[in-house]
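A short write-up of the structure that comes next.
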Amino acid sequence: KCSEDCILAPYFPASDPQRYACVQRIFGASNVARMLLNLPVHERGKAADTMAMEAHRRVQDPVYGCAGIVGRLQGEITAVQCELARIQAQIAVHAAASATQLNAPAPAAMPQQQEQGDGQLMQYPFQGLDALLVDVNLVDDEMNTD
C-alpha cells in the first residue's frame with residue numbers, strides 16, 4: 001500500500017507483512033510514521049525494530065508485553081544471585097570448619113564443645129549452621145516447584 005517515498009517502506013518491507021500488521025495494530029500507522037520522522041535517519045532502523053518487537057510481544061501478552069519478559073528475567077537474576085550468595089556462605093562455612101579441624105586435634109567427630117585451657121567450654125562456632133543452610137535450600141526448592 002505504501003508509495004516509494006513512504007517513511008515506513010524501508011523498515012516494513014512487503015516481504016514481511018506480519019511485522020507491519022503487528023506494529024500498525026498496536027501503535028497505528030500514523031503514529032509509527034510520526035515517530036520515525038522525528039528521529040535521525042541512522043536511528044530509524046533500530047526504532048522500527050524495537051517497535052516491531054514490542055508490538056509482537058504486546059500481541060502475545062496484551063497486559064505486560066516486553067515488560068513481562070524483563071520482569072521474569074529480573075526475577076531469574078535475583079534467584080540466581082540468592083543461590084550464589086547461599087553457595088558462597090556454604091563454602092565459607094566449610095572452609096572455616098576445615099581450618100578449625102586442621103588446627104584442632106583430630107577427634108573422631110567434630111565436638112559440639114571444646115574445653116579451653118582455663119577449663120571453660122568453648123562452643124563450636126558453626127554449630128547447626130550446615131543444617132540451617134540445608135533447611136533454607138529445602139524451603140527455596142519447595143517454593144520454586146510451586
Side-chain angles (χ1 to χ4, degrees), residues 1-114 121-146:
K1 294 181 181 181
C2 261
S3 63
E4 290 181 23
D5 63 337
C6 177
I7 185 75
L8 302 175
Y11 310 108
F12 302 99
S15 62
D16 191 1
Q18 185 64 30
R19 176 178 161 108
Y20 174 76
C22 282
V23 171
Q24 191 275 332
R25 178 178 168 193
I26 299 300
F27 298 109
S30 61
N31 288 331
V32 173
R34 186 175 51 244
M35 285 188 268
L36 291 176
L37 282 172
N38 288 330
L39 291 172
V41 174
H42 68 278
E43 293 181 359
R44 291 178 183 173
K46 288 182 183 177
D49 290 342
T50 301
M51 285 185 272
M53 183 177 58
E54 175 64 32
H56 179 73
R57 296 294 175 204
R58 279 279 168 197
V59 168
Q60 289 180 336
D61 183 356
V63 175
Y64 294 108
C66 287
I69 294 169
V70 170
R72 188 176 67 246
L73 292 174
Q74 286 175 335
E76 288 178 21
I77 288 170
T78 301
V80 169
Q81 287 173 334
C82 288
E83 182 181 359
L84 175 62
R86 204 171 28 252
I87 290 170
Q88 287 173 334
Q90 287 176 334
I91 289 170
V93 166
H94 290 291
S98 293
T100 303
Q101 286 176 351
L102 290 176
N103 293 334
M110 180 60 71
Q112 297 298 322
Q113 299 177 342
Q114 289 182 341
L121 292 178
M122 179 182 81
Q123 291 287 334
Y124 176 66
F126 302 109
Q127 178 180 349
L129 192 54
D130 284 339
L132 176 64
L133 290 172
V134 169
D135 289 343
V136 169
N137 285 337
L138 292 175
V139 169
D140 285 346
D141 290 342
E142 289 172 4
M143 290 175 65
N144 289 334
T145 58
D146 290 340

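We count residues from 1, following the sequence as given.
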Side chain to side chain contact (heavy atoms under 4.5 Å, CB included) assessment of Q18 paired with D16: CA-CA 6 Å; Q18 185 64 30; D16 191 1; 4.1 Å; yes
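- When all heavy atoms of A29 and L8 are compared, the closest pair comes out as O-CD1, 4.2 Å.
- When all heavy atoms of Y11 and L36 are compared, the closest pair comes out as CD1-CD1, 3.9 Å.
- Taking CE from M53 and CD1 from I69, the interatomic distance works out to 8.0 Å, rounded to the nearest 0.5 Å.
- Taking both residues in full, the closest heavy atoms of R57 and C66 are given as CG-SG, 3.6 Å, listed atom of the first, atom of the second, then distance.
- Counting only residues at least two apart or on different chains, no side chain to side chain donor-acceptor pair (under 3.5 Å) pair has a member in residues 63-85.
- Atoms CD1 and CG, from I77 and L84 in turn, are 13.0 Å apart once rounded to the nearest 0.5 Å.
- Between the CG atom of N38 and the CD1 atom of I7 there is a distance of 10.0 Å, given to the nearest 0.5 Å.
- Side-chain polar atoms of H94 and Q90 form no donor-acceptor pair below 3.5 angstrom.
- Identified under the side chain to side chain donor-acceptor pair (under 3.5 Å) test for residues 39-49, with sequence neighbours left out: R19-D49.
- Residue N31 holds its CG atom at 10.0 Å from CD of Q24, rounded to the nearest 0.5 Å.
- We find the SG-CZ distance between C22 and F27 to be 10.5 Å, quoted to the nearest 0.5 Å.
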